[in-house]
Undergrad: 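Handing you a structure now.
In listed order, ligands and their atoms are each counted from 1.
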Amino acid sequence: MTLTRLDKPVQFLKGVGPRRAESLQRMGILTARDLLYHVPRRYDDASTITPVALAQVGMDVTVVGEVRSKGILPTRRGLRIFQAVIQDDSGMVTCSWPGQPWVERNVRKGDRILVTGPVRFFHGRQIQPREYTLLSRASAPTPPDPPGTIFATYPASEDVPQWVFRRLVDLNLDWLLGQIRAEEHLPATDRGALGLIELSAALRDLHRPRTLAHVQTARRRLAFDELFFLQLLQARVRHDATRERPGIVHARTNRLIRALHSSLPFRLTGAQARVLREIYADMTSTRRMNRMLQGDVGAGKTLVALFAMLLAVEGGRQAALMAPTEILAEQHARRIGEFLGDLPCTLEILVGSATGRRREEARARIASGGANLVVGTHALIQEGVEFRALGLVVVDEQHRFGVRQRMALSEREPRPDTLLMSATPIPRSLAMTLHGELDMSVIDELPPGRQPVTTRIAAPDDRAAVFQEVNRRLAAGRQAYVVYPAIEESEKTDLRAAEAEFERLGAEDFAGRNLALMHGRLPAEEKDRIMRAFQRGEIDVLVATTVIEVGIDVPNATAMVIENAERFGLSQLHQLRGRIGRGDEAGLCVVIPGGEGETTTARLAAFARTSDGFEIAAEDLRIRGQGDFFGAEQHGRGTELKFADIVEHEDLIGPARDRARGMIDADPQLAGAAHQLVRNHLDRRYGDRAKLFGVG
Ligand code: ADP
Ligand code: MG
């Protein structure tokens, strides 16, 4: 890695002595470059700043002024209030921090500060700041901001307050920008095509924007870089997984594929046929397949997986399908068995509860190749399970497995092709960002003739009527779900609420019916036992927290009531709703919000309006933002996005990926002179992240 002057320790910068360098280091700012990339988290401009004289009681304002006087006022009740009088060109106003006397230490006479908060009436007009920012210190003045300036707020710490960042940037920015100019890695033609500005201009505008529009444009450039380098890491993972060493070239004879085709009582949907072409192309090429298959509940993924498995078998290999629970594994095995009919294949099931002789026999058939289709749970990746010639691994509900578990079967030599299945539709932009190392196949079409589920929003007052309607379905021999939220933080109270409701429902609304309560704290075997009883129809109403198995198929259950529905994500609601309407009778889903509120109503209305999982996922992403989606999957991999917003910058994701994949395909190690700037960037800014990805 080539070091430049930007890689020198921060201490080398103007205004940074040994003490300050230490404080900066504690914030993760080690080098000059780190300071350059330490950009403001918030901007205020004239359009959001109110002249002091115009701040009126009842308004919520942001004002900028100089501290004229300050002091601590004790009150009769022992509360201590810090007060500061600030002044701008238009006048003076008192700011008051009740109960926060310690603010006194941070604010001095002559400082320029920015405060945001409500204007109250209390012995006169006063602002009670929610937030304040020290813009400059009287003793270390930065030049006054020209009129119309934007006030930038840096992420700061106790040791390194706001005004220090403003001053450091003021002293060093021109020099820093001069240095970064030499590191531009995106040629002008590409920038032009994507509507992106130069890196140095972007960093300049983030530190010293002329307008808020400049901030947007600057963020867009850094968003692209962020997406591009993330894609570059993922493209390397993809290269290692699929191209580094040759994959299995499956011999397609059509012997089994054609037989299955002609035995089906229906035609494949266009989407199924398309994704199968993508899968077959991977499997019959020298490239190894590492593909994700996305599709809504009921889109027909299992059948697609079965065709792929048959391709492996007709070419002389074995195929394995791994599911997260025994119930799901058994369900897959049963369905696959039905599809196969008397096709010349041997299907084996291997789950954890199989022990002793049964397990040994299953293992022996898998090892000898006597079984060529194998369905199972984690039991498949346990010590002692050997395949004769494993050619394809399918992982159902892939997100329920850890990365290691997911890949365990695929790491054997020769490396089998891998198909990861997911029944949680996510928008394409999100899928590309989260799973850039995978190729993506999407079934975006449901088989024709599905009974739609009717979705209604009911007021809490109408609960009794809703349960009566459910009762009519029970009387006709159907089954139902009643779902309560239980999020981890409040699981105990939630569980108590669900238990109480369970008692009440059994005694009142559903008196005389068989009810069961299922929740996250039950041991896995107990959950399985309840689920099986429900499948057999021995339970009429399953009262559950969100633990109802995704993918579980009980066609006789046609009604679902979801309580406190506002506490679920839209995609989660959609998953829940997917449990009903699997038979030939139209399903009924009633959501009952616990409270009102505009967003609640808008979100639930969006959910009731459409049954398209991809549409719902896009709405969910728009409403909740990307944080939730990245939280779970990316946390700890160091790939959280700081600049890129996958909704706002959606148009950059495809180009970033194409550029990254093109580069890695042409020069996997980025060793060529043409890629030196990119490689340096990757090493410098993402060096340790590259290690986390197993790339380096
Ligand atoms: P998923 O796994 O994607 O949720 P499944 O594979 O369980 O969906 O399919 C749901 C149901 O639809 C199954 O009963 C399956 O037999 C049926 N099915 C699959 N493909 C088609 C099709 N092209 N036309 C009609 N029914 C289909
Ligand atoms: Mg292949």
Undergrad: Hey, do the aromatic rings of His250 and Tyr280 have their centres closer than 6.0 Å?
TA: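 No, they do not, as the ring centres are separated by 6.0 Å or more.
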Undergrad: When the ring planes of Phe307 and His261 are compared, do they come out parallel, tilted or perpendicular, using 30° and 60° as the limits?
TA: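 Because their plane-to-plane angle lies in the 30° to 60° range, the rings of Phe307 and His261 count as tilted.
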Undergrad: Ignoring hydrogens, just give me the one of Arg335, Met421, Gln331 whose non-hydrogen atom is nearest atom 13 (C) of ligand 1.
TA: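 Among Arg335, Met421, Gln331, the closest heavy atom to atom 13 (C) of ligand 1 comes from Arg335.
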Undergrad: With no hydrogens and no angle check, just 3.5 Å: does a side-chain donor-acceptor pair link Arg291 and Ser441?
TA: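 The answer is yes; a qualifying pair exists.
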Undergrad: Can you tell me the protein heavy atom closest to atom 4 (O) of ligand 1 and the distance?
TA: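 Ranked first by proximity to atom 4 (O) of ligand 1 is Gly298 N, 2.6 Å.
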Undergrad: Enumerate the atoms of ligand 1 whose separation from the nearest heavy atom of Arg267 is less than 4.0 angstrom.
TA: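 Taking each heavy atom of Arg267 in turn, ligand 1 has 22 (C), 23 (N), 24 (N) under 4.0 Å.
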Undergrad: If you have a sec, work out which protein heavy atom is nearest atom 15 (C) of ligand 1 and how many Å separate them, to one decimal?
TA: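 Checked against all protein heavy atoms, atom 15 (C) of ligand 1 sits closest to Phe339 CZ, 4.2 Å.
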Undergrad: Is there a donor in the side chain of Gln294 and an acceptor in the side chain of Ser422, or the other way round, less than 3.5 Å apart?
TA: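 Checked: Gln294/Ser422 side chains show no N/O donor-acceptor pair below 3.5 Å.
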Undergrad: To the nearest 0.1 Å, how far is atom 18 (N) of ligand 1 from its closest protein heavy atom, and which atom is that?
TA: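 Nearest neighbour among protein heavy atoms for atom 18 (N) of ligand 1, to 0.1 Å: Phe266 CZ, 3.7 Å.
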Undergrad: Below 4.0 angstrom from a heavy atom of Leu268, which ligand 1 atoms are there? Numbered from 1 as shown, please.
TA: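 By the 4.0 Å cutoff, the relevant atoms are 23 (N).
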Undergrad: May I ask you to decide if the ring planes of Tyr481 and Phe534 are parallel, tilted or perpendicular, using 30° and 60° as cut-offs?
TA: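 Tyr481 and Phe534: tilted rings.
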Undergrad: Counting C-beta onward and ignoring hydrogens, is there a side-chain heavy-atom pair between Arg288 and Ile248 closer than 4.5 Å?
TA: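 Arg288 does not reach Ile248 side chain to side chain.
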Undergrad: Is any NZ, NE, NH1 or NH2 atom of the basic residue among Lys527 and Glu326 found under 4.0 Å from an Asp or Glu carboxylate oxygen of the other?
TA: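 The answer is no: the pair does not qualify as a salt bridge.
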Undergrad: At under 4.0 Å between heavy atoms, is it the side chain or the backbone of Asp296 that contacts ligand 1, or both, or neither?
TA: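 Looking at Asp296 and ligand 1, just backbone atoms fall under 4.0 Å.
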Undergrad: Using a heavy-atom cut-off of under 4.0 Å, does the side chain or the backbone of Thr302 touch ligand 1, or both, or neither?
TA: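 Within the 4.0 Å criterion, Thr302 contacts ligand 1 through backbone and side-chain atoms alike.
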Undergrad: Going by atom types only, do Gln318 and Asn372 share a side-chain donor-acceptor pair under 3.5 Å?
TA: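 Result is no, nothing qualifies.
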Undergrad: Quick one: nearest non-hydrogen protein atom to atom 11 (C) of ligand 1, plus distance?
TA: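 Looking at atom 11 (C) of ligand 1, the protein heavy atom closest to it is Arg450 NH2, 3.3 Å.
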Undergrad: Answer yes or no for Gly295: is there a heavy-atom contact with ligand 1 below 4.0 Å?
TA: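 The answer is no: ligand 1 sits nowhere under 4.0 Å from a heavy atom of Gly295.
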Undergrad: Any idea which atoms of ligand 1 are less than 4.0 Å away from a heavy-atom of Val297?
TA: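 Matching atoms, with element in brackets: 4 (O).
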Undergrad: Side-chain donor-acceptor pair under 3.5 Å between Arg577 and Thr455, yes or no?
TA: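 A pair is found: one side chain offers a donor N or O, the other an acceptor, under 3.5 Å apart.
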Undergrad: Looking only at non-hydrogen atoms, which of Gly300, Gly578, Ser422 approaches atom 9 (O) of ligand 1 most closely?
TA: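 Among Gly300, Gly578, Ser422, the closest heavy atom to atom 9 (O) of ligand 1 belongs to Gly300.
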Undergrad: Considering non-hydrogen atoms of the protein only, which is the closest contact for atom 20 (N) of ligand 1, and what is the distance?
TA: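 Answer for atom 20 (N) of ligand 1: Gln272 NE2, 3.0 Å.
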Undergrad: Give the numbers and elements of all ligand 1 atoms closer than 4.0 Å to a heavy atom of Thr269.
TA: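 Answer for ligand 1: 23 (N).
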